[in-house]
*Asks:* 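Below: one structure in structure tokens.
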Amino acid sequence: MIIAGCGPTGAMLAAELRLHDVRVLVLEKETEPTSFVRIVGLHIRSLELMAMRGLLDRILPHGRQRPAGAYFGAIPRPAPKGLDSRYAYLLGIPQPVIERLLEEHAIELGAQVRRGRAVTGLQQDDEGVTVELTDGEQLRSRYLVGCDGARSAVRKLLGVGFPGEPARTETLMGEMEVGVPQEEIAATVTEIRETHQRFWLRPAGVGVYSVLVPAAGVSDRSEPPTIEDFREQLRAIAGTDFGVHSPRWLSRFGDATRLADRYRVGRVLLAGDAAHIHPPIGGQGLNLGIQDAVNLGWKLAAQLRGWAPETLLDTYQAERHPVAAAVLDNIRAQTELLSTEPGPQAVRRLLSELMDFDEVNLHLLKKITAIGIRYDFGAGPDLLGRRLPDIDVKHGNLYGLLHHGRGLLLDRTERLTVGGWSDRVDHLADPTAELDVPAVLLRPDGHVAWVGDDQQDLDEHLSRWFGGPAH
Ligand SMILES: Cc1cc2nc3c(=O)[nH]c(=O)nc-3n(C[C@H](O)[C@H](O)[C@H](O)COP(=O)(O)OP(=O)(O)OC[C@H]3O[C@@H](n4cnc5c(N)ncnc54)[C@H](O)[C@@H]3O)c2cc1C
């Protein structure tokens, strides 16, 4: 199995595949891991996934926990009541750190990562995919997943369409030192941020500030921004450049919003930024990629191990494409709210009022944190297709039972069995009083695949998700 790209999506996918003993080779274009430090936010569902795989304790010391308030359109609101998660906070963590931790985890589980190896070509046939690298070397694999980011070579080589909107605006972001006292900065910044949401100067370490300003226009991005670009834009908006100097790093990002029209072409699949791009408002891109990886990993593993039901792999696109489409939509809405035009500013004020209602606040928070997702598994109770929170179970907590990426039957009836599926699915009898249904079948990604109390019905659902019984 080959994965192109060792960003957060590729590393997470590699680890998920290794849980099922699949041989994994990750090809990464860059010779060194990224050093460009931007703080990303891990939202509730991603934190839950980390807990589900036993990774959270390793990650937490490297991040800063912040309250899980709604940040919709950068409108601050405290966390609403009724957040049913043990991990109801936002974890700010430098992207290079989360990438390193995920890569280390994948390697510990046995994935092979080869750096300085970019995928430049591919051909597929009935048995597998031939992957071509920069130096002409060819590798053969049964499947290939393009986790190679926004400008994905794999997506382009497949000829998969990437419809959406091109960048209309660009934003400069960087870290640098300033030449004026902190109090002077704070007062000016507070005043400007009343109308300009795409603007900040925030302390980011001793003597260093994180600076964000709109770029002068949309460029072809072949040239990296300079400190002079920052000075000009600061002067244009704030009337002063705050004496910025000695940049640590400078970058530019656009607000292009696009979604691949297919996630799978034969034996080649796309995940993460390779499949969807959008502006960073709400901090959802990395979260979405990690969640793609957890949705796809066990399905691909099932395919490779030979027990996947016929249509299992196609459920990846069926489930994740609508999720990404919904994220893109919430980002489009948030982007409008950042406009300095009077119309969007009025909508922003109205939405701010509405967010005082807990239900509105919770609705928006669920969109951003991905805890409201319900995959369409057909008709059934509301729980079907949703994630189960990390409830207390006999001898511990639920997510502690999902570290190995297997299915799980939580059975209060004490008469059900996973029979011929016990090599893929665990069974916990008399799990907990917190579960208010007779029994629940969980997929390896923690989503509810079945709710009921009838063995025959359960067997049908075990077959649907986990293939035929072993004997
Ligand atoms: C300013 C900013 C702030 C952000 N804040 C947040 C946030 O708070 N929360 C959040 O969730 N997201 C945030 N994001 C988005 C997040 O950074 C991305 O969504 C995330 O990095 C996507 O991960 P990925 O693994 O899919 O792709 P990438 O991180 O782009 O990784 C792709 C990897 O593939 C490699 N590669 C490329 N081409 C090839 C090739 N041909 N062969 C082999 N390897 C290749 C690349 O070198 C790279 O290592 C932010 C983005 C920006 C710009």
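Counting convention: from 1, in listed order, for ligands and their atoms alike.
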*Asks:* Looking only at distance, does Pro280 have an N or O less than 3.5 Å from an N or O of ligand 1?
*Replies:* no
*Asks:* In terms of atom number and element, which parts of ligand 1 are under 4.0 angstrom from non-hydrogen atoms of Arg117?
*Replies:* 43 (C)
*Asks:* Less than 3.5 Å apart, any donor N or O on the side chain of Glu177 or Tyr209 sitting next to an acceptor on the other?
*Replies:* no
*Asks:* Go through ligand 1 atom by atom and flag the ones less than 4.0 Å from a non-hydrogen atom of Glu30.
*Replies:* 47 (O)
*Asks:* Starting from atom 24 (P) of ligand 1, locate the nearest protein heavy atom and write down its residue, its atom name and how far away it is, to 0.1 Å.
*Replies:* Thr9 OG1, 3.3 Å
*Asks:* Given Gly7, Ser46, Gly149, which has its nearest heavy atom closest to atom 27 (O) of ligand 1?
*Replies:* Gly149
*Asks:* What is the closest protein heavy atom to atom 12 (N) of ligand 1, and at what distance does it sit?
*Replies:* Leu286 N, 3.0 Å
*Asks:* Which residue owns the protein heavy atom closest to atom 45 (C) of ligand 1, what's the atom, and how far is it?
*Replies:* Lys29 CB, 3.5 Å
*Asks:* Report yes or no: do Glu48 and Ser85 form a side-chain donor-acceptor pair below 3.5 Å?
*Replies:* yes
*Asks:* Indicate whether the side chain of Arg53 and that of Tyr399 have a donor and an acceptor atom separated by less than 3.5 Å.
*Replies:* no
*Asks:* Under a plain distance cut-off of 3.5 Å, with no hydrogens placed, do Asn295 and Tyr316 share a side-chain donor-acceptor pair?
*Replies:* no
*Asks:* Looking only at heavy atoms, which two atoms of Arg86 and Asn397 are closest? And how far apart?
*Replies:* NH2-CB, 3.8 Å
*Asks:* Just need the protein heavy atom nearest to atom 43 (C) of ligand 1, so name the residue and atom and give the distance.
*Replies:* Leu27 O, 3.3 Å
*Asks:* For ligand 1, does His43 get within less than 4.0 Å through its side chain, its backbone, both, or neither, judged by non-hydrogen atoms?
*Replies:* neither
*Asks:* Report yes or no: does Arg155 contribute a side-chain atom to a donor-acceptor pair with the main-chain N or O of Leu269 at less than 3.5 Å?
*Replies:* no
*Asks:* Applying a strict 4.0 Å limit to heavy atoms, is Arg151 in contact with ligand 1?
*Replies:* no
*Asks:* Any luck finding a side-chain donor-acceptor pair between Thr340 and Gln345 under 3.5 Å?
*Replies:* no
*Asks:* Checking a contact table here: which protein heavy atom is nearest atom 39 (C) of ligand 1, and how many Å away?
*Replies:* Asp148 CB, 3.6 Å
*Asks:* Between Gln334 and Asn330, do the side chains contain a donor N or O and an acceptor N or O under 3.5 Å apart?
*Replies:* yes
*Asks:* Distance only, no hydrogens: is a donor on one side chain within 3.5 Å (strictly under) of an acceptor on the other, for Glu99 and Gln95?
*Replies:* yes
*Asks:* Pick one of side chain, backbone, both or neither for how Ala274 approaches ligand 1, counting any non-hydrogen atom pair under 4.0 Å.
*Replies:* neither
*Asks:* Could you list the atoms of ligand 1 found under 4.0 angstrom from a heavy atom of Gly283?
*Replies:* 6 (C), 7 (C), 8 (O), 9 (N), 10 (C), 11 (O)
*Asks:* By number and element, which atoms of ligand 1 are closer than 4.0 Å to a non-hydrogen atom of Ala153?
*Replies:* 41 (N)
*Asks:* Please identify which atoms of ligand 1 are closer than 4.0 Å to at least one heavy atom of Met173.
*Replies:* 1 (C)
*Asks:* Please work out whether any backbone atom (N, CA, C, O) or any side-chain heavy atom from C-beta onward of Asn287 is under 4.0 Å from ligand 1, and answer side chain, backbone, both or neither.
*Replies:* both
*Asks:* Does only the side chain of Pro8 get under 4.0 Å from ligand 1, or the backbone, or both, or neither? Count heavy atoms.
*Replies:* both
*Asks:* Measuring from atom CH2 of Trp200 to atom OG1 of Thr190, what distance do you get when rounded to the nearest 0.5 angstrom?
*Replies:* 14.5 Å
*Asks:* Which of the numbered atoms in ligand 1 are below 4.0 angstrom from a heavy atom of Gln95?
*Replies:* 16 (C), 17 (O), 20 (C), 21 (O), 29 (O)
*Asks:* From the options Ile93, Val40, Val154, select the one whose nearest heavy atom is closest to atom 13 (C) of ligand 1.
*Replies:* Val40
*Asks:* To which of Val119, Asp292, Val26 does the heavy atom nearest atom 41 (N) of ligand 1 belong?
*Replies:* Val119
*Asks:* Output the list of atoms in ligand 1 that are nearer than 4.0 Å to some heavy atom of Gly5, sorted by atom number.
*Replies:* 33 (C), 34 (O), 35 (C), 43 (C), 44 (N)
*Asks:* For Arg193, does the CZ atom have more than 12 heavy-atom neighbours from other residues, nucleotides or ligands under 6.0 Å away?
*Replies:* yes
*Asks:* So which heavy atom in the protein is nearest atom 2 (C) of ligand 1, and how far is it from that ligand atom?
*Replies:* Arg38 CD, 3.4 Å
*Asks:* Measure the distance from atom 32 (C) of ligand 1 to every protein heavy atom, then report the residue, atom name and distance (to 0.1 Å) of the closest one.
*Replies:* Cys147 O, 3.4 Å
*Asks:* How far is atom 35 (C) of ligand 1 from its nearest protein heavy atom, and which residue and atom name does that atom have?
*Replies:* Glu28 OE1, 3.3 Å
*Asks:* So is Ala271 polar-close to ligand 1, meaning N/O to N/O under 3.5 Å?
*Replies:* no
*Asks:* Is there a side-chain contact between Phe199 and Leu212, using heavy atoms and a 4.5 Å cut-off?
*Replies:* no
*Asks:* Quiz question: by atom type and distance under 3.5 Å, do the side chains of Arg115 and Thr31 form a donor-acceptor pair?
*Replies:* no
*Asks:* Is it true that the side chains of His276 and Asp292 contain a donor and an acceptor less than 3.5 Å apart?
*Replies:* yes
*Asks:* Verify whether one side chain among Thr369 and Arg45 offers a donor that lies under 3.5 Å from an acceptor in the other.
*Replies:* no
*Asks:* For Gly41, take its heavy atoms, then give the atoms of ligand 1 lying under 4.0 Å from any of them.
*Replies:* 7 (C), 8 (O), 9 (N)
